[in-house]
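The chain is numbered in sequence order, starting from 1.
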Amino acid sequence: MRKLFSAAFTISIVLLLMYFIYNKHYIKYNACYKFPMLKTSFYPDAYKFINTREDFEKYTELIDDTINLSCNFEFRKLDFEKYTYILIFGAPIKNMYYSLKTTFCDDKSPSYARAMKYKKKCVFIEYEKPTGYIYLYEINKDESLTGFNGI
């Protein structure tokens, strides 16, 4: 009887640990803008979490030749106090999630740039069909999220 209880307890602990490791935490998002692009293709690992106005300005300067910011975009409406913004290149989001497994095992970043090294959560994105646009999404402020870095 004691062995049976011990085995059941061990199995319960293992299952509980597996749940915490593999459980996907889905991130709720709101679409903000869709920017027409002059010329690009779908880059599945090209997304960037932006937490400050300065970072947003820096990234839009880097892609200035690709993106047309004149299309009804009001920069001042972005609220960096309440939201984190995500730039997505080439396709709209279907799902966005992270888990302990994605952060520790599935991160495609080189070892020097991995999320766990910087105490962040590595987010994976599933996409709809590619469209050729750049999308801007907002999520509740969370500076612990990151995509792939150094690729």
Visitor: Show your reasoning for whether side-chain contact (heavy atoms from CB on, under 4.5 Å) applies to L145 and T84.
Guide: CA-CA 9 Å; L145 302 177; T84 292; 6.0 Å; no
Visitor: Tell me the closest heavy-atom pair linking R53 and L78, and the distance in Å.
Guide: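 Scanning both residues completely, I find the closest heavy atoms to be NH2-O, 3.1 Å.
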Visitor: Has S12 got a side-chain atom pairing as donor or acceptor with A8's backbone, closer than 3.5 angstrom?
Guide: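 Flag set: sc S12 to bb A8 pair under 3.5 Å.
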Visitor: In terms of relative ring orientation, are F80 and F56 parallel, tilted or perpendicular, with 30° and 60° separating the classes?
Guide: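 Geometry flag for F56 against F80: tilted rings.
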Visitor: Looking only at heavy atoms, which two atoms of E143 and K120 are closest? And how far apart?
Guide: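 Shortest heavy-atom separation between E143 and K120 comes out as O-NZ, 2.7 Å.
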Visitor: If the condition is side chain to side chain donor-acceptor pair (under 3.5 Å), which residues does D55 pass it with, not counting sequence neighbours?
Guide: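 Residues passing side chain to side chain donor-acceptor pair (under 3.5 Å) with D55: T52.
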Visitor: How far apart are the C-alpha atoms of K94 and E128, what are their side-chain angles, what is the distance that settles it, and do they pass the side-chain contact (heavy atoms from CB on, under 4.5 Å) test?
Guide: CA-CA 5 Å; K94 184 189 292 184; E128 300 284 349; 3.6 Å; yes
Visitor: Quick one: does Y85's side chain get under 4.5 Å of E138's, heavy atoms only?
Guide: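 Yes, side chains in contact.
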Visitor: When rounded to the nearest 0.5 angstrom, what is the spacing between OH in Y59 and CD in E54?
Guide: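 Between Y59 OH and E54 CD, I get 12.5 Å after rounding to 0.5 Å.
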Visitor: If you draw a 6.0 Å radius around OH in Y26, do more than 12 non-hydrogen atoms from other residues or ligands fall strictly inside?
Guide: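 Enclosed: over 12 neighbouring heavy atoms sit under 6.0 Å from OH of Y26.
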Visitor: Does any non-hydrogen side-chain atom of Y83 lie less than 4.5 Å from one of N140?
Guide: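 Yes, side chains in contact.
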Visitor: Run N23 and S99 through side-chain hydrogen bond (donor to acceptor under 3.5 Å, both in side chains) and show every step you take.
Guide: CA-CA 6 Å; N23 185 36; S99 70; over 6 Å; no
Visitor: How many angstroms lie between atom CE of M96 and atom CD1 of I27, to the nearest 0.5 angstrom?
Guide: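 With rounding to 0.5 Å, CE (M96) is 5.0 Å from CD1 (I27).
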Visitor: Checking Y118 now: which residues fulfil ring pair (Phe, Tyr, Trp, His ring centres under 6.0 Å) with it, not counting sequence neighbours?
Guide: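 Scan of Y118 (ring pair (Phe, Tyr, Trp, His ring centres under 6.0 Å), adjacent residues dropped) gives none.
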Visitor: Kindly give the heavy-atom pair with the smallest separation between S109 and G147, and that separation in Å.
Guide: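 For S109 versus G147, the nearest heavy atoms are OG-O, 4.3 Å.
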Visitor: Just how far is it from atom NE2 of H25 to atom OG1 of T103, taken to the nearest 0.5 Å?
Guide: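 Result: 9.0 Å between the selected atoms.
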Visitor: Under 4.5 Å between side-chain heavy atoms, hopping through other hydrophobics if needed: is there a path connecting L100 to Y98?
Guide: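 No.
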Visitor: Applying side-chain contact (heavy atoms from CB on, under 4.5 Å) to I139 and F49, what does each step give before you reach the verdict?
Guide: CA-CA 10 Å; I139 61 172; F49 289 86; 4.1 Å; yes
Visitor: Run the numbers on K121 and S144 for side-chain hydrogen bond (donor to acceptor under 3.5 Å, both in side chains), then give the verdict.
Guide: CA-CA 6 Å; K121 302 168 194 153; S144 70; 3.3 Å; yes
Visitor: Under the criterion side chain to side chain contact (heavy atoms under 4.5 Å, CB included), which of Y47, Y137, Y97 is the partner of I125?
Guide: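 Result for side chain to side chain contact (heavy atoms under 4.5 Å, CB included) with I125: Y47.
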Visitor: Could you please spell out the steps behind the ring pair (Phe, Tyr, Trp, His ring centres under 6.0 Å) verdict for F124 and F148?
Guide: CA-CA 9 Å; F124 277 68; F148 306 121; 5.2 Å; yes
Visitor: Given the rule in the side-chain contact (heavy atoms from CB on, under 4.5 Å) test, do K48 and F89 qualify, once you have shown the distances and angles that lead to the verdict?
Guide: CA-CA 9 Å; K48 189 66 183 164; F89 294 84; 5.5 Å; no
Visitor: Hey, could you give me the NZ/CG distance between K108 and D106, rounded to the nearest 0.5 Å?
Guide: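 Answer rounded to 0.5 Å: 9.0 Å.
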Visitor: Might you point out which heavy atoms bring T102 and C122 nearest each other, and give the distance in Å?
Guide: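 Distance-wise, the nearest heavy atoms are OG1-O, 3.2 Å.
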Visitor: What's the spacing between I21 CD1 and L16 CG if we round to 0.5 Å?
Guide: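 Rounded to the nearest 0.5 Å, the CD1-CG separation comes out at 10.0 Å.
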Visitor: Report the residues that fulfil side chain to side chain donor-acceptor pair (under 3.5 Å) with Y135, sequence neighbours left out, ordered by chain and then residue number.
Guide: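 Per chain and number, Y135 pairs via side chain to side chain donor-acceptor pair (under 3.5 Å) with T131.
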Visitor: Is it the case that the side chain of Y29 and the backbone of I86 share a donor-acceptor pair, with hydrogens and angles ignored and the cut-off at 3.5 Å?
Guide: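 Side chain of Y29 to backbone of I86: no pair is present.
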